[in-house]
There are 2 protein chains.
Amino acid sequence: MMTVEEALQILKEKGYKYTGKREEIIRICAEEKRYLTAKEIMERIKELYPGLSFDTVYRNISTFVELGILEQTELDGEGRFRLACSTDGHHHHHLICTECGRTSSLSACPMSLLSALPEDFQVTGHKFEVYGTCKECMSS
Amino acid sequence: MMTVEEALQILKEKGYKYTGKREEIIRICAEEKRYLTAKEIMERIKELYPGLSFDTVYRNISTFVELGILEQTELDGEGRFRLACSTDGHHHHHLICTECGRTSSLSACPMSLLSALPEDFQVTGHKFEVYGTCKECMSS
DNA sequence: ATGTAAATAGGATTAATTACGATTTTCATA
DNA sequence: TATGAAAATCGTAATTAATCCTATTTACAT
């Protein structure tokens, strides 16, 4: 998983300014192998920055996703975010707990297994996610 | 793809009442091999039922998804719906045009190719979608 | 130290979706 | 065919996630 330092480095390289709030958003995401909602991130960041505007959280999250610092998915009509898995670009997918957002990596990517893609579509992306309940959520 | 008659039959079997509006929602979805937004369905149904409440559309769509009459996905934070592909339960996935929702079937399901699923997750579902631009949208 | 462009605060706004009481309709049964 | 109860719909209010906007503040290159 990407480290906080690596993420801050990417920001710097791209000409974004350093702010404690940005670091804290990244730090919160780095603390867990889980997808978090914007709301969850907001709640946690308020411990350190009580007056934080949610516009700031949403704007930064969206920047981070563009820069590849965060990965995004969607569950129950709500965006969820986690620190990008790897800096080396090894492409893979996730098993996601639908209760708590906890994830587990899957090494296979189904795209390599598709023999024939239709000719009349220009492929731009794909999504493969396995959903389930994690051990912790099962026992509670 | 499921027919309008088959869909109405499912409703009847489950004890839901017949209404012209329900049939029309299904008919609209049956007309195209595409994912439609609730708004698109609403616009089209107003030709026949101008005073239709969107509560009715949303409520019925959601019932249809529960009953397996419609398939649901999400694009750009908006739910999209299409008539379920098959009545015989042959499981497959789609290539989806992100511009217009048009789809193309993929025969492979990646789940059969996953050799080792983690033990600490109880799998409840999965999603595999390939995104792209269809021929029609490319040339416009 | 300072000027400027970027970032943030605080709140208004948008858009999709759900909720809900009042009314209407379906359909089983008389 | 009439009728009554449950289900469906209407019309609108409420909710929720997310974006937009302007004034103010901050980071940081010089």
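We use all heavy atoms of the structure for the numbers below, so side chains are in, but hydrogens, waters and symmetry mates are not. Lettering follows sequence order; numbering is per chain, from 1.
Following rounding to the nearest Å, B:Lys46 (NZ) and D:dT9 (C1') show an atom-to-atom distance of 14 Å. Rounding to whole angstrom units, CD of residue B:Glu74 and C1' of C:dT17 are separated by 13 Å. Straight-line distance from the NZ atom of A:Lys21 to the C1' atom of C:dA6: 13 Å, rounded to whole Å. If you measure from atom CD of A:Glu23 to atom C1' of C:dT8, you get 17 Å, rounded to the nearest angstrom. Atom-to-atom, CG of B:Asn60 to P of C:dA19 comes out at 15 Å; the value is rounded to the nearest Å. Rounded to whole Å, the distance from CG on A:Leu8 to P on C:dA7 is 14 Å. Between the CG atom of B:Leu75 and the P atom of C:dT17 there is a distance of 12 Å, rounded to whole Å. Across the protein-nucleic acid pair, B:Ile45 atom CD1 and D:dC10 atom P stand 9 Å apart, rounded to whole Å.
Ring to ring, B:His93 and A:His126 are not that close: their centroids are 6.0 angstrom or more apart.
Axis orientation changes by 30° from one end of the helix from C:dA1-D:dT30 to C:dA30-D:dT1 to the other, with each end axis drawn from 5 pairs and the value rounded to 10°.
Side-chain contact check for B:Ile26 versus B:Leu11: some heavy-atom pair is nearer than 4.5 Å. At a threshold of 4.5 Å between non-hydrogen side-chain atoms, the residues B:Leu75 and B:Tyr131 count as touching. Side-chain contact between B:Ser105 and B:His94 is present, with heavy atoms from C-beta onward closer than 4.5 Å. B:Leu83 has its side chain within reach of B:Leu70: a pair of non-hydrogen atoms, C-beta onward, lies under 4.5 Å apart. When side chains are defined from C-beta on, B:Phe128 counts as touching B:Leu106, because their heavy atoms get closer than 4.5 Å.
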So B:Cys85 and B:His92, side-chain contact (heavy atoms from CB on, under 4.5 Å) or not? Walk me through it. CA-CA 9 Å; B:Cys85 276; B:His92 66 276; 3.3 Å; yes
Reading 5' to 3' through nucleotides 17-30 of chain D, protein heavy-atom contacts under 4.0 Å coded B for base, S for sugar-phosphate only, - for none: SBBBB-----BS--
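Pairs of residues two or more places apart, or lying in two chains, that qualify as side chain to side chain donor-acceptor pair (under 3.5 Å) and include a residue from residues 24-33 of chain A are A:Glu23-A:Arg27, A:Glu32-A:Arg34, A:Glu32-A:Arg44.
Atom CD of A:Glu13 sits in a crowded spot, with more than 12 heavy atoms from other residues, nucleotides or ligands closer than 6.0 Å.
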